[in-house]
Amino acid sequence: MIDILFPVHNRVEFTKVSADALARHTNKSLVRVVYIYDDKSVDGAGKQAYRILRSTFKNIVIVSSFQGFGGPVEIMNDYIRQSTVEMFAKIDNDTVVCPQWLDICCQVME
């Protein structure tokens, strides 16, 4: 099982499209947890991501910081410090995934 890391910082319109594609094109049977890291969004992007993704994925964790994380690298570092999984996928909120993207990535990793 794979965790999905979904960093969000504003850009609500990108986030809506990206989260929708993630929900529609991801084999949810491969996903353990989706982590939405809201890096101090002020336009509701994190809330929109949660609203869209909760209809598809059973396990969603929203991670936020009062001071913000400081970008996608710091978000990934925070996740890695706390995680015990062997593999995860980081999909930024301006990335639109294609159908079967996770299945294909898992095949390549094997």
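The residues of the chain are indexed from 1 along the displayed sequence. Since we're looking at a predicted model, the values are computed, not measured. Side chains are part of it too, since the values below use all heavy atoms of this structure and drop only hydrogens, waters and symmetry mates.
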| request: Could you please spell out the steps behind the side-chain contact (heavy atoms from CB on, under 4.5 Å) verdict for I75 and Y35? | output: CA-CA 10 Å; I75 286 172; Y35 289 88; over 6 Å; no

| Would V42 and N10 count as a side-chain contact (heavy atoms from CB on, under 4.5 Å) if you check the C-alpha gap in whole Å, the side-chain angles of each, and the deciding distance to 0.1 Å? | CA-CA 6 Å; V42 295; N10 294 324; 3.6 Å; yes

| Residue pair Y37, F6: steps toward the ring pair (Phe, Tyr, Trp, His ring centres under 6.0 Å) verdict | CA-CA 6 Å; Y37 268 79; F6 192 70; over 10 Å; no

| Trace of the side-chain contact (heavy atoms from CB on, under 4.5 Å) decision for V97 with I91 | CA-CA 8 Å; V97 295; I91 305 297; 3.9 Å; yes

| field | Intermediate values then yes/no, side-chain hydrogen bond (donor to acceptor under 3.5 Å, both in side chains), N59 and R32 | value | CA-CA 7 Å; N59 298 317; R32 187 181 75 95; over 6 Å; no

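We find the CE-OG distance between M1 and S29 to be 7.5 Å, quoted to the nearest 0.5 Å. In this structure, CD in Q48 is found 12.0 Å from CG in N93, a value given to the nearest 0.5 Å. The NZ atom of K47 sits 10.5 Å away from the OG atom of S64 when rounded to the nearest 0.5 Å. Taking CG of D103 as the reference point, atom CG of N27 lies at 4.5 Å (rounded to 0.5 Å). A distance of 10.0 Å separates CG of D78 from CG of D39, quoted to the nearest 0.5 Å. Here CD1 of I4 is found 12.0 Å from CZ of F88. Values are rounded to the nearest 0.5 Å.
The minimum heavy-atom distance linking L5 with P7 is given by the pair O-CD, 3.4 Å. Of all the heavy atoms in A45 and V8, the pair that sits closest is CB-CG1, 3.4 Å. Closest of all the heavy-atom pairs between K90 and P72 is NZ-CB, 4.2 Å. The minimum heavy-atom distance linking V96 with S18 is given by the pair CG2-CA, 4.5 Å. For A49 against A19, the heavy-atom pair with the smallest separation is CA-CB, 4.3 Å.
The backbone N or O of S41 lies less than 3.5 Å from a partner atom in the side chain of D38, making a donor-acceptor pair. Between the side chain of H25 and the backbone N or O of Q100 there is no donor-acceptor pair closer than 3.5 Å. A donor-acceptor distance shorter than 3.5 angstrom exists from the side chain of D43 to the backbone of R11, with no hydrogens or angles considered.
Under a hydrophobic-cluster definition in which Ile, Leu, Val, Met, Phe, Trp and Tyr are linked whenever side-chain heavy atoms come within less than 4.5 Å, directly or via other members, L53 and L30 are assigned to the same cluster. The same ILVMFWY cluster, assembled from side-chain heavy atoms under 4.5 Å apart, contains both L22 and M87. Cluster membership check: V61 shares its hydrophobic cluster with Y79, using side-chain heavy-atom separations under 4.5 Å among Ile, Leu, Val, Met, Phe, Trp and Tyr.
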